[in-house]
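Each remark here refers to the structure printed beneath this line.
The basis for the numbers below is simple: all heavy atoms, side chains too, and nothing from hydrogens, waters or symmetry mates. Positions are given from 1, in the same order as the sequence printed here.
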Amino acid sequence: MKELFNTFFYQPLYNALVLIIEVVPGADVGIAVILLTVLVKLILFPLSAKAVRAQIEMKVIQKPLEEIKEKYKNNREEMGRAMLDLYKKHKINPFSGVVVMFVQIPVILALYWVFLRGGFPSVDPSRLYSFVPFPNEVNMTFLGMFNVGESQNIVLALLAGLSQYFQARFSFPKPEPQDPNKPPTFKDDMMKGMQVQIRYVLPVVIAFISYGLISVVSLYWIVSNLFAIGQEIYIRNNIRKPAEESTAV
C-alpha cells in the first residue's frame, strides 16, 4: 500500500514541486508551493463539481426516498429494490459523490506529505524522474520575508486558522431556524455540534498545529483554504444555484 501511494501520488507531486522550483523566479519554494497547490486544486475541481451535482440530484429524490423507506420499513429487501428502481429512473448513482471524495483524499494527503516531509532545501535525487533536472538552487526564503522551512511562525499560523474559519463559514452555512414547536432530534443536535466544532474549534486546532510545523505547511493550508472559498463561491453561483432552480421548476 505504501509503495502504491509513493508511486502514484507522492512521487509525482514531489517531482512536480521540484520542476516548479526550477522555473520560478529565484527558485522560491514558497511560490512553488502556492503554484503546485493551486494546480492540484484546479485538477481536482471537476471532481468537486461532480460531487456537488450528485448531492443536488439526491436532494431531488429525497421525498420519494422517504416514502419508500416508510412504505417498506418492515421489508428491507423490497425497500432496497424500490430504491434501486428510483435511482435508475432518475439516472442517479447514489455513491458517485462518495467515490469522488475518496479519489481526492490520497492526492491531498500526498500533497501535504510532500510539503511536510519533502526535506527541502535538500532534494533527494533518487526520487526524481529521469526527465526532471536536479535544481541548481532551492530558496527557502519566501519573497525575502521568512524561511518556509522553519516552524513557529505566528503570523502564518494565525492566517492558517483564520482562513480555515472563513472556509468553514462558506462551506457550512448557518442551519435554517428550527421550528420551536418541534423538539430537536438527536440528528439535529449532532449536526449542530459538528458545525460548531468545524466553525470554531477546528480553526484554533489548525492554528495551533501550524505553529508547531514548518511554515511551508501553513502556507499550503492558507492557499488551500483560500482556493476552497473561491471554489465554493463559484460552485454556488454557477452550479448549485442554476441546478436547484431548474429542479424547482
Listing, residues 110-123 side-chain donor-acceptor contacts under 3.5 Å, not counting sequence neighbours, or none:
none

Apply the side chain to side chain contact (heavy atoms under 4.5 Å, CB included) test between Glu22 and each candidate in Val132, Asn136, Val138; give the one that qualifies.
Asn136

Does any N or O in the side chain of Arg236 come within less than 3.5 Å of the main-chain N or O of Phe170, such that one atom is a donor and the other an acceptor?
yes

List the steps, then state whether side chain to side chain contact (heavy atoms under 4.5 Å, CB included) holds for Gln231 with Ile235.
CA-CA 6 Å; Gln231 175 179 280; Ile235 286 175; 3.7 Å; yes

Answer yes or no: is there a donor N or O on one side and an acceptor on the other, between the side chain of Asn225 and the main chain of Gln167, under 3.5 Å?
no

How far apart are the closest heavy atoms of Ile198 and Pro203, and which atoms are they?
O-CD, 3.4 Å

Could you go through the side chain to side chain contact (heavy atoms under 4.5 Å, CB included) check for Phe166 and Leu226 one step at a time?
CA-CA 9 Å; Phe166 283 107; Leu226 291 176; over 6 Å; no

Which of parallel (below 30°), tilted (30 to 60°) and perpendicular (above 60°) describes Phe5 and Phe9?
tilted

How many angstroms lie between CG in Asp28 and CZ in Phe142, if you round to the nearest 0.5 Å?
6.5 Å

Which pairs pass salt bridge (Lys or Arg N to Asp or Glu O under 4.0 Å) with one or both residues in residues 118-129, sequence neighbours excluded?
Asp124-Arg127

Enter the distance from Tyr220:OH to Ser210:OG here, rounded to the nearest 0.5 Å.
11.5 Å

Within this structure, what is the CE-CZ distance for the pair Met83 and Arg76, rounded to the nearest 0.5 Å?
8.5 Å

Mark yes when over 12 heavy atoms from residues, nucleotides or ligands other than Glu137 sit less than 6.0 Å from its CD; otherwise mark no.
yes

Please report the closest heavy-atom contact between Ala160 and Ser218, naming both atoms and the distance.
CB-O, 4.3 Å

What distance do Tyr10 atom OH and Asn15 atom CG have between them, rounded to the nearest 0.5 Å?
10.0 Å

Reported CG-to-CG distance for the pair Leu13 and Asn6, which is rounded to 0.5 angstrom
11.5 Å

Trace of the side chain to side chain contact (heavy atoms under 4.5 Å, CB included) decision for Asn139 with Val29:
CA-CA 6 Å; Asn139 178 16; Val29 172; 5.7 Å; no

Student check: side-chain heavy atoms of Val204 and Tyr165 closer than 4.5 Å
no

Leu19 side chain near Pro133 side chain, heavy-atom distance below 4.5 Å:
yes

For residues 63-73, which side-chain N or O atoms pair as donor and acceptor with protein atoms under 3.5 Å away, sequence neighbours left out?
residue : atom : partner : partner atom : Å
Glu66   : OE2  : Gln62   : NE2          : 3.2
Glu70   : OE2  : Lys73   : NZ           : 3.2

Partners passing side chain to side chain contact (heavy atoms under 4.5 Å, CB included) against Phe208 (at least two apart in sequence or in another chain):
none

Contact between Leu202 and Gln197 at the side-chain level, heavy atoms closer than 4.5 Å - yes or no?
no

Nearest 0.5 angstrom please: Glu232 CD to Phe227 CZ, how far?
12.0 Å

Extract all donor-acceptor atom pairs below 3.5 Å that involve side chains of residues 149-157 and protein atoms in other chains or at least two apart in sequence.
residue : atom : partner : partner atom : Å
Asn153  : OD1  : Val155  : N            : 3.2
Asn153  : OD1  : Leu156  : N            : 3.1

Return yes when atom CZ of Phe8 has more than 12 non-hydrogen atoms of other residues, nucleotides or ligands closer than 6.0 Å, and no otherwise.
no

List the atom pairs, with distances to 0.1 Å, where a side-chain N or O of residues 30-46 and a protein N or O form a donor-acceptor pair under 3.5 Å, not counting sequence neighbours.
residue : atom : partner : partner atom : Å
Thr37   : OG1  : Val33   : O            : 2.7
Lys41   : NZ   : Ser224  : OG           : 3.1

